[in-house]
Amino acid sequence: MQGDSKGSPFVPQVQLPPITIDFETYYDKQYTLSKMNVIPYVRDPRFEVIGFSWQEEGHEAQWFSGDFHATKAKLLSLELHRRMVTAHNAMFDGSIIEWIFDIRPRKYFCTMMAARPFVMPFTGGVSLATCAEFFMLPRKTDAVRKMIGVQRTDFSADLLTEYSEYSINDTVISTMLRETLAPRLPKDEQDVIDLTIKKFLRGRLVLDRGVLEKAQEEIQLREANALLKVSAMKVTREQLVSNSLFAGLLKRQGVDPPKKTSPSTGLPTFAFSKKDPEFMALLKHNNHKVAWLVESRLTLKSSIDRTRVQAFLDVERTCPTMPVPIMYYAAHTGRFGGMMGLNMQNLPQKGALRNALRAPPGFKVIVADLKAIEARITAVLAYEVDLVRKFREGVDVYTDFASALYEKPAEDIDRSERFVGKMCILGLGFGMGPTKFKDTMDSLGVPMSEIRATEIVAVYRSLYPNIKKLWRKLDGILEKMVSIRPDGGSVWYQFPGGGLKPPLRVTHQRVELPNSMCINYPELSHGGKLNKTVYAYRSFHGPSLSTRLHIWGGAFCENIVQALARIVLVRAEVRLARSGLVSVMQVHDELVFVVPEHTVEAVKSVITRLLTDPVPWMPALPLACTIGVGDSYGECK
DNA sequence: GTGCGGGGCGCG
DNA sequence: AAAGCGCGCCCCGCAC
């Protein structure tokens with residue numbers, strides 16, 4: 001991807017060379033980053049900078065240690081507002097620079113983030129030590145262990161010298177890491193890293209304490225009521241939330257606890273999930289006591305509201321605005337993820353959390369999302385011409401498919417029928433089979449028979465035969481990724497109709513995306529099951545560390561589409577930032593902005609233009625976006 | 001007491 | 001012929 005940085009407000013005219021920084025701070029057994037995240041750590045009264053080391057490009061690394069004012073003076077002398085600041089975990093070092101010393105560097109580069117796409121798939125970690133080893137850089141020392149519990153004024157000269165050597169060593173490694181990683185990262189990705197760090201350091205959403213406290217009271221009341229309901233049976237919280245004890249409660253009421261086979265262990269286990277129809281059926285059991293038990297358990301088991309409201313309140317106490325922690329390249333497809341106990345990417349659609357995230361007075365929240373982006377990309381890759389045309393013409397594709405499914409005109413499709421159509425378009429395009437489709441629909445409150453599910457899958461595949469063919473083609477690519485040797489060059493995969501430009505480059509255990517980043521499938525091999533074109537690769541995101549995940553054409557299709565959708569969104573995000581519109585949050589196919597009220601209309605049109613701007617590597621892709629405006633995130637539906 | 005795997009659940 | 005995918009966090013139960 002080409003960077004068009006010339007003359008943009010993103011880059012001031014006068015710059016200084018990049019600089020690497022590493023802060024050393026007080027820690028003890030309890031008060032440590034290994035037991036708490038950056039927000040409470042840096043905001044804690046115990047927080048203290050022991051010293052920091054820095055290295056300007058082309059110079060020796062240096063060390064400084066002094067009191068608050070001396071440290072601030074030293075930092076100011078470095079003129080960080082004219083530099084790119086590199087750190088290994090820049091969210092940490094940046095929070096010190098910005099929250100403690102009130103200094104705003106021009107730009108950030110985080111070697112821990114930058115390492116994720118290149119190191120994580122092969123090591124499962126991106127600590128400085130792991131990265132140094134992976135790239136054969138000098139070893140990291142562990143002198144920091146000696147510094148536990150020592151405050152700055154208590155350091156002996158010798159110990160402080162040792163600390164400075166440790167710190168300088170880390171800084172030198174981090175500089176080398178930047179020099180190793182930056183050339184591998186496209187300009188857009190470097191900007192994304194900077195923007196991701198700034199989402200955390202310079203949040204602009206304000207947490208509404210009143211909304212959160214009210215929600216907390218309601219949750220406590222709800223849980224108390226759930227316990228009250230079963231109190232006559234002398235049932236306790238412990239009995240409700242424990243699987244084996246809860247099974248005992250059901251048996252006592254003469255109900256055989258529903259069971260299923262564990263997908264991860266293959267052993268029998270209790271089916272006590274909202275997704276288990278047998279379990280949910282107990283809510284309507286003739287014996288009220290059974291229904292009450294299940295109801296109360298479900299209430300007490302749903303913890304996301306309770307814990308996240310508390311987490312938000314904890315942040316509100318110390319932070320003027322919401323720091324949005326987002327993990328860069330959390331998924332091997334490049335997707336982002338949550339972190340620091342605050343996953344901002346899975347906030348419930350209902351409930352108080354989204355309403356508690358507000359724009360400050362005089363500002364509005366704007367949420368823009370790329371409509372059905374994955375389905376659109378799939379249609380183009382598969383050369384499903386009619387489907388692409390419908391997307392381009394703005395046809396409601398979900399309703400359109402429902403119309404084919406129920407064999408009646410689109411005008412007669414009702415809400416629940418459209419919902420079925422939506423689930424088909426979103427799920428069946430990646431090879432979902434009848435059994436999983438039935439289960440998914442059951443769990444979403446649209447129960448259907450196995451036979452009906454089989455019919456629907458068949459209708460989908462016959463209506464979009466090219467999508468089915470795409471999975472077959474991708475089976476072949478997986479085979480290539482296995483058979484090509486590490487130094488065996490590459491083959492190009494041309495999608496029908498030239499859907500992707502340049503075509504997909506396939507090498508040993510990886511595919512290269514149009515922005516030059518790769519999806520890696522380490523240790524990819526045949527799955528081993530006879531007569532099945534199933535492959536397996538090592539993943540650190542599996543059920544356990546370094547388990548093998550299965551993959552086939554349909555799933556591979558989803559990986560590629562997810563990765564491409566992510567590039568589309570990020571491209572727009574970077575271009576918007578370069579034009580001065582910096583988003584405060586990102587949720588896969590959605591960008592969130594906080595803007596002055598009087599600019600809303602102008603901003604909406606810029607966002608629409610950049611989000612729907614044709615993508616150079618997929619000119620046939622029809623893009624559309626929806627935009628919501630409100631005083632809070634929750635209002636932007 | 002701590003770490004980890006599994007199940008569950010929220011989002012896309 | 002058949003096969004959706006990607007996360008993070010909470011909590012329990014168990015191993016160390």
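Note: hydrogens, waters and symmetry copies are ignored here, and every other heavy atom, side chains too, is used. Letters A, B, ... mirror the listed sequences (proteins, then strands); counts begin at 1. Quick caveat: nothing in here was measured; it's all calculated off a predicted structure.
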Any base atoms under 4.0 Å from [X], or only sugar-phosphate, or nothing? Heavy atoms, all strands.
| X | result |
| --- | --- |
| Lys468(A) | nothing |
| Pro434(A) | sugar-phosphate |
| Phe336(A) | nothing |
| Val241(A) | sugar-phosphate |
| Phe437(A) | nothing |
| Ser262(A) | sugar-phosphate |
| Met423(A) | nothing |
| Asp369(A) | nothing |
| Gly338(A) | sugar-phosphate |
| Arg354(A) | sugar-phosphate |
| Gln349(A) | sugar-phosphate |

Under 4.0 Å from OP1 or OP2 of [N]: is there any side-chain N or O of [X] that close?
| X | N | answer |
| --- | --- | --- |
| Arg306(A) | dC11(C) | yes |
| His332(A) | dC7(C) | yes |
| Asn559(A) | dG6(C) | yes |
| Ser242(A) | dG13(C) | yes |
| Lys436(A) | dC5(C) | yes |

Interatomic distance, [X] [atom1] vs [N] [atom2] [rounded to whole Å]:
| X | N | atom1 | atom2 | result |
| --- | --- | --- | --- | --- |
| Arg335(A) | dC5(C) | CZ | C1' | 8 Å |
| Leu428(A) | dC5(C) | CG | P | 13 Å |
| Ile551(A) | dC5(C) | CD1 | P | 8 Å |
| Met339(A) | dC9(C) | CE | P | 8 Å |
| Phe540(A) | dC7(C) | CZ | P | 13 Å |
| Met280(A) | dC9(B) | CE | C1' | 12 Å |
| Lys260(A) | dG7(B) | NZ | C1' | 7 Å |
| Arg566(A) | dC5(C) | CZ | C1' | 17 Å |

My understanding is that a pair needs two contacts under 3.5 Å, Watson-Crick or G-U wobble. By that rule, which nucleotide pairs with dG4(C)?
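Looking at the geometry, dG4(C) pairs with no nucleotide.
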
Kindly give the heavy-atom pair with the smallest separation between [X] and [Y], and that separation in Å.
| X | Y | value |
| --- | --- | --- |
| Met327(A) | Gly338(A) | CB-O, 3.8 Å |
| Met618(A) | Ile377(A) | CE-CG2, 4.1 Å |
| Pro622(A) | Val380(A) | CD-CG2, 4.1 Å |

Which nucleotide wins on minimum distance to the side chain of [X], given the candidates [options]?
| X | options | value |
| --- | --- | --- |
| Arg237(A) | dC12(C), dC5(C), dG6(C) | dC12(C) |
| Val587(A) | dG12(B), dC12(C), dG10(B) | dG12(B) |
| Asn346(A) | dG4(C), dC11(B), dG8(B) | dC11(B) |
| Thr269(A) | dG12(B), dG7(B), dG13(C) | dG7(B) |
| Leu298(A) | dC9(C), dG6(C), dC9(B) | dC9(B) |
| Phe272(A) | dC9(B), dC11(C), dG8(B) | dG8(B) |
| Gln562(A) | dG12(B), dC7(C), dG13(C) | dG12(B) |
| Thr307(A) | dG10(B), dC11(C), dC7(C) | dC11(C) |
| Ser273(A) | dC9(B), dG12(B), dG4(C) | dC9(B) |
| Thr265(A) | dC5(C), dG7(B), dG10(B) | dG7(B) |

Ring-face cation contact, Phe270(A) with Lys260(A), 6.0 Å cut, 45° max:
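No, Lys260(A) does not sit over the ring of Phe270(A).
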
Compute both the distance and the angle, then confirm whether Arg116(A) meets the cation-pi test with Tyr328(A): under 6.0 Å from the six-membered ring centre, within 45 degrees of the axis.
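Here Arg116(A) fails the 6.0 Å and 45° test against Tyr328(A).
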
Find the distance between OG (Ser449(A)) and CD (Glu455(A)) and round it off to the nearest 0.5 Å.
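Going from the OG atom of Ser449(A) to the CD atom of Glu455(A) covers 7.0 Å.
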
Taking N and O atoms by type only, does the side chain of Arg308(A) place a donor or acceptor under 3.5 Å from a partner on the base of dG10(B)?
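No pair found.
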
Ignoring hydrogens and angles, answer whether the base of dG12(B) and the side-chain atoms of Gln345(A) contain a donor-acceptor pair closer than 3.5 Å.
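No such pair is found, so the answer is no.
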
Could you tell me how the ring of Phe92(A) sits relative to the ring of Tyr41(A): parallel (under 30°), tilted (30 to 60°) or perpendicular (over 60°)?
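It falls in the tilted class, 30° to 60°.
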
Stepwise, does the side chain to side chain contact (heavy atoms under 4.5 Å, CB included) test hold for Phe118(A) with Asn520(A)?
CA-CA 9 Å; Phe118(A) 307 107; Asn520(A) 290 287; over 6 Å; no

